[in-house]
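For reference, the structure discussed in these notes is given below.
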Amino acid sequence: MFGTKSFNDLAQEIAKGIEDIDHSKISVIICPPFTILDRISETIKDSSLVTGSQDCHFENKGPFTGDVSAQMIIDAGAKFAIIGHSERRKHHFETDEMVAKKVLAAIGNDLNPIICVGESLEDRKNGNAAKVIEAQLSKSIPANYDKDEIIIAYEPIWAIGSGNVASAKDIAEMCLIISNKIKDLFGDISLKVLYGGSVNAKNAKDILKIDGVDGALVGGASLIGQDFIQIVKDAL
Ligand code: PGA
């Protein structure tokens, strides 16, 4: 819940800041709030950026006052949707089953889901992180997922917005667990794993080098144009 109309300038700054980089190997997606999604999509339409939403309802339309469907998100010019972010799970009581329904609605409308999973600090301390993530993956992705690629954002809940990044060893271990589980569930599907949780312009380079990390989901640092541009360059 960051961003008003003035974020148009931020989107322009980011688009300009990354226009000369080699885009053959990376994708840069910005996911503004719904209220400015259409506007930002329009602003960046001739750049290498694409937009995504921060949620997506599981029905295409209907009496769901205040909710936003995949069709509406596509209509606003977005190509991706973050689904199952831990803040949605916490504040909106989204269960894995609801997340799976949202993923299904997204893919049914050719909206690419970025499916978030992550353990709590308690789970990590009790040694349950792997088990929790495997269960989230099994239940948050619909069994009939039929796209060529799955994008998972691994975001330890305690690392989001806290300034505490998971250790390189733990991130690598979790990426491997995620990739093995996805293989179990969906065979040889293409998988991208993003790490999220306090990624910033100072630590991105090291995080993006970790085995199994294909990209980053950046929250706070994306609100500062030059920092976000630096993170994109660190991904090259
Ligand atoms: P952060 O947020 O980068 O500020 O930790 C990540 C997120 O909101 O998923």
Side-chain angles (χ1 to χ4, degrees), residues 1-8 10-11 27-45 49-120 132-133 135-147 149-157 160-161 185 192 194 196-197 215-220 222-223:
M1 205 161 64
F2 294 101
T4 54
K5 281 187 239 177
S6 67
F7 268 40
N8 225 25
L10 177 61
S27 306
V28 188
I29 305 154
I30 51 174
C31 301
F34 286 128
T35 47
I36 52 171
L37 186 53
D38 183 52
R39 177 185 295 260
I40 302 267
S41 300
E42 187 61 28
T43 297
I44 54 98
K45 73 171 192 293
L49 284 170
V50 291
T51 54
S53 64
Q54 299 178 3
D55 180 37
C56 155
H57 196 261
F58 49 76
E59 293 288 351
N60 283 333
K61 58 180 168 193
F64 299 96
T65 304
D67 282 313
V68 180
S69 72
Q71 286 181 352
M72 293 158 134
I73 294 163
I74 291 277
D75 187 54
K79 300 211 161 25
F80 290 82
I82 296 172
I83 300 183
H85 189 281
S86 68
E87 287 152 15
R88 301 286 317 169
R89 292 176 184 261
K90 180 176 173 195
H91 302 298
H92 296 267
F93 313 104
E94 286 186 9
T95 60
D96 291 327
E97 290 71 20
M98 282 161 76
V99 172
K101 282 168 77 177
K102 290 177 172 215
V103 170
L104 203 55
I107 60 175
N109 287 283
D110 278 331
L111 183 65
N112 299 295
I114 299 170
I115 306 163
C116 300
V117 295
E119 81 282 3
S120 66
V132 166
I133 299 300
Q136 284 179 353
L137 290 170
S138 302
K139 292 191 266 168
S140 302
I141 311 172
N144 52 350
Y145 188 93
D146 63 353
K147 293 281 160 190
E149 181 169 87
I150 294 189
I151 307 174
I152 301 293
Y154 167 58
E155 299 203 292
I157 298 170
I160 298 175
L185 293 167
K192 296 266 183 294
L194 316 181
L217 196 159
V218 183
S222 70
L223 307 178

How close do [X] and [Y] get, heavy atom to heavy atom, and via which atoms?
X    : Y    : result
A153 : L217 : CB-CD1, 3.6 Å
A78  : S53  : CB-N, 4.5 Å
P156 : G196 : CD-O, 3.4 Å
A105 : A70  : O-CB, 3.7 Å
V103 : P142 : CG1-CD, 3.6 Å

Could you measure the distance from the [atom1] atom of [X] to the [atom2] atom of [Y]? Nearest 0.5 Å is fine.
X    : Y    : atom1 : atom2 : value
F7   : I30  : CZ    : CD1   : 10.0 Å
I150 : N112 : CD1   : CG    : 12.0 Å
F58  : D67  : CZ    : CG    : 8.0 Å
C31  : I82  : SG    : CD1   : 4.0 Å
C116 : D55  : SG    : CG    : 10.0 Å
D96  : M98  : CG    : CE    : 11.0 Å

- Message: Between K147 and D110, does any NZ, NE, NH1 or NH2 come within less than 4.0 Å of an OD or OE carboxylate oxygen?
- Response: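 A salt bridge links D110 with K147.
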- Message: When you measure from the side chain of T51 to the backbone of S41, do you find a donor-acceptor pair of N or O atoms at a distance under 3.5 Å?
- Response: no
- Message: I'd like to know if the side chain of H85 and the backbone of E87 have a donor-acceptor N/O pair within less than 3.5 Å.
- Response: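 It does hold such a pair.
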Is the shortest side-chain heavy-atom distance between [X] and [Y] below 4.5 Å?
X    : Y    : result
E119 : I157 : no
P113 : I107 : yes
L37  : I73  : yes
Q54  : P33  : yes

- Task: Test side-chain contact (heavy atoms from CB on, under 4.5 Å) on I160 and S86 and set out the steps.
- Result: CA-CA 9 Å; I160 298 175; S86 68; 3.3 Å; yes
- Task: Please step through side-chain contact (heavy atoms from CB on, under 4.5 Å) for the pair K79 and L111, ending with a clear verdict.
- Result: CA-CA 5 Å; K79 300 211 161 25; L111 183 65; 5.5 Å; no
- Can you tell which of E97, E59, E94 makes a side chain to side chain donor-acceptor pair (under 3.5 Å) with K102? E94
- Message: Evaluate I151 against F80 for side-chain contact (heavy atoms from CB on, under 4.5 Å), listing each step before the verdict.
- Response: CA-CA 10 Å; I151 307 174; F80 290 82; 3.7 Å; yes
- Item | side-chain contact (heavy atoms from CB on, under 4.5 Å) between I115 and I141, worked out | CA-CA 8 Å; I115 306 163; I141 311 172; 4.0 Å; yes
- For the residue pair N60 and S69, confirm or rule out a side-chain donor-acceptor distance under 3.5 Å. no
- Task: Please determine, by modelled atom types, if Q136 and Y154 share a side-chain donor-acceptor pair under 3.5 angstrom.
- Result: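 Side-chain D/A pair, Q136 to Y154: absent.
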- Message: Checking S140 against R89 for the side chain to side chain donor-acceptor pair (under 3.5 Å) test, could you report, in this order, the C-alpha distance in whole Å, the side-chain angles of both residues, the deciding distance, and whether it holds?
- Response: CA-CA 11 Å; S140 302; R89 292 176 184 261; 3.2 Å; yes
- Message: Let's go through E42 and R39 carefully: what are the C-alpha distance in whole Å and the side-chain angles of both, what is the deciding distance for salt bridge (Lys or Arg N to Asp or Glu O under 4.0 Å) to 0.1 Å, and is it a yes or a no?
- Response: CA-CA 5 Å; E42 187 61 28; R39 177 185 295 260; over 6 Å; no
- Message: Classify the ring geometry of H57 against F64: parallel below 30°, tilted from 30° to 60°, perpendicular beyond 60°.
- Response: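 Rings of H57 and F64: tilted, 30 to 60°.
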- Message: Which residue in the set I114, L194, L137 passes side chain to side chain contact (heavy atoms under 4.5 Å, CB included) when paired with I152?
- Response: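 Checked I114, L194, L137 against I152; only one passes side chain to side chain contact (heavy atoms under 4.5 Å, CB included): L137.
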